[in-house]
Amino acid sequence: MNCRKIVRIWAITLIALWATAISIAPMARAQAPANFLGTVTAISGTTITVKTDAGQTYQVVVPADAAIKRIALGEKDLSKAEAIAFTDLAVGDRALVKIDPDSPAGTSQALRVIAVKQSDVAAKQQKDREDWQRNGVGGLVKSVDAGGGVIVLTSGAGATAKTITVHAASATVLKRYAPASVSFDAAQAAPIGAIQVGDQLRARGTKNADGTSIDAVEVVSGTFRNISGTVLSTDPASSTLVVKDLTTKKQVTIHITPDAQMRRLPDQMATILAMRLKGGSGGGAGAWGGGGQAGGGTAGSTPRPAYQAGGQGSGAAGGGGQWQGQGGHGAGGGDPQQMLSRAPAIKIADLKKGDAVMVVSTDGATDVTAITLLAGVEPLLEAPAASQSLLNNWSMGSGGQGAADAQAL
């Protein structure tokens, strides 16, 4: 290759690099929007890292002349915010950031930061969790009357199955889970017409005495997939497992996030639950924990687990540990969904090839994210329809706290 060709190639390369740099620079300057709301995840020097509710992460320099204020949770009048020092900011605080439009190229500098203390956020989240448990209902959508604002749900399974009517008014907050997401933080506003028959739905508001009707102040819904199958392989390092769907006969890769509920039914518990779902009494084999502190709670609440396992995440089906509810009154008085909540938690490493599992996941053909995974379910597969209904309702009404997360500011 002669020198002229080499020079030409280098010239073309430099022009390409120069053009790329020009195109990237505006992107860097526009990386952070003019205003955004999120949670402070890190503080280093004079830079804060903020993760928005939609999942974007921005690093923002807070110069000495930036206005930094703190406001009480729920307060909307910014004139009531008090000035604080940069050192008063803490990881976990909620922050509303306004970017200086005159920030140097390639950087984002804050003009103003309005913060809410993490402890106030945590207290609000706890209060909201309790409200969802006390005043919430959940189930599968049976019908939707968009014009009348009426949604009918089926909740529970077996002897505890019931129908719930949800009344949505113009002031009701309606949200829908984002595609491939099980995070309430990422749920998006959506009209009632977006709710479909078969969706999972959770609502909170004012219930009637028996919990069969509710005037909703907030509703969240989503379309999810049910999978019953056998484990083909597991990969704890990547938090995935491959399952053969018994219905479609196809392989599905299931992603396990920290928010996923994973439990294994002990043999005796699975047998009793299967008998109940098939209409049997299930009596004499052990208590379901219908009463007492551990077994108490209405449908849609989050009962406290009463299972005392010999080791955390041991996954031993039926081994050591008590799953009888404290103060239980026998199998006839319990809630199957509460029974699931008492099953021992497991990890992906506790699963092995050939295990039968039932999964509620995000919607997808061959690649999904688990919401709930239940192992030790061989007896339940004898009553698949009732079992899937049970699992759907449990995944919405138990264990997960995402639907209670507060939206500060």
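Under the 4.5 Å side-chain criterion, counting only non-hydrogen atoms from C-beta, Pro258 is not in contact with Ser239. No side-chain heavy atom of Val144 sits under 4.5 Å from any side-chain heavy atom of Asp199. Between Arg202 and Trp132, some side-chain heavy-atom pair lies under the 4.5 Å cut-off. A 4.5 Å side-chain heavy-atom check between Ile254 and Val357 finds every atom pair outside the cut-off. Using a 4.5 Å heavy-atom cutoff, the side chains of Lys51 and Thr49 are not in contact. Two residues are said to be in side-chain contact when any heavy atoms from C-beta on lie closer than 4.5 Å; Leu89 and Ile84 meet this criterion. In this structure, Val60 and Val113 have side chains that are not in contact, with every pair of non-hydrogen atoms separated by 4.5 Å or more. Side-chain contact between Lys117 and Leu73: absent, with no pair of heavy atoms (C-beta onward) separated by less than 4.5 Å.
In this structure a side-chain-to-backbone donor-acceptor pair under 3.5 Å is present from Asp77 to Ser79. No donor-acceptor distance shorter than 3.5 angstrom exists from the side chain of Lys207 to the backbone of Val137, with no hydrogens or angles considered.
Here the shortest heavy-atom pairing between Gly149 and Ile192 reads CA-CD1, 3.8 Å. Closest heavy-atom contact between Ala187 and Val220: CB-CG2, 4.4 Å. When every heavy atom of Ser108 is checked against every heavy atom of Ile99, the shortest pair comes out as CB-CD1, 4.1 Å. Nearest heavy-atom pair across Ala356 and Val377 is O-CG2, 3.5 Å. Contact between Gly92 and Gln118 at its shortest, heavy atoms only, is O-CG, 3.3 Å.
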Test side-chain contact (heavy atoms from CB on, under 4.5 Å) on Thr366 and Val252 and set out the steps.
CA-CA 5 Å; Thr366 59; Val252 182; 5.7 Å; no

Test log, rule side-chain contact (heavy atoms from CB on, under 4.5 Å), inputs Ile48 and Phe86
CA-CA 10 Å; Ile48 61 173; Phe86 177 82; 3.8 Å; yes

Is there a side-chain contact (heavy atoms from CB on, under 4.5 Å) between Phe36 and Gln56? Walk through the geometry before answering.
CA-CA 10 Å; Phe36 61 91; Gln56 293 91 358; over 6 Å; no

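Between Asp128 and Lys124 there is a salt bridge, since a side-chain N of the basic residue sits under 4.0 Å from a carboxylate O of the acidic one. Salt bridge annotation for Asp350-Lys347: absent, with no cationic side-chain nitrogen under 4.0 angstrom from a carboxylate oxygen. Between Arg225 and Asp245, at least one side-chain nitrogen of the basic residue sits less than 4.0 Å from a carboxylate oxygen of the acidic one, meeting the salt-bridge criterion.
Between Glu218 and the options Asn135, Val173, Thr172, a side chain to side chain contact (heavy atoms under 4.5 Å, CB included) holds for only Val173.
Taken from CZ in Arg204 to CD1 in Ile214, the straight-line distance is 9.5 Å, to the nearest 0.5 Å. The CG atom of Leu140 sits 4.5 Å away from the OG1 atom of Thr154 when rounded to the nearest 0.5 Å. To the nearest 0.5 angstrom, Met358 atom CE is 4.5 Å from Ser228 atom OG. Rounding to the nearest 0.5 Å gives a distance of 5.0 Å between CG of Leu78 and CD1 of Ile71. Note that the CG atom of Leu174 and the CG atom of Leu201 stand 9.0 Å from one another [nearest 0.5 Å].
Counted within 6.0 Å of CZ on Arg112, heavy atoms from surrounding residues, nucleotides or ligands total 12 or fewer; the atom is thus considered open.
With 3.5 Å as the limit, one finds no donor-acceptor pair spanning the side chains of Thr372 and Arg263.
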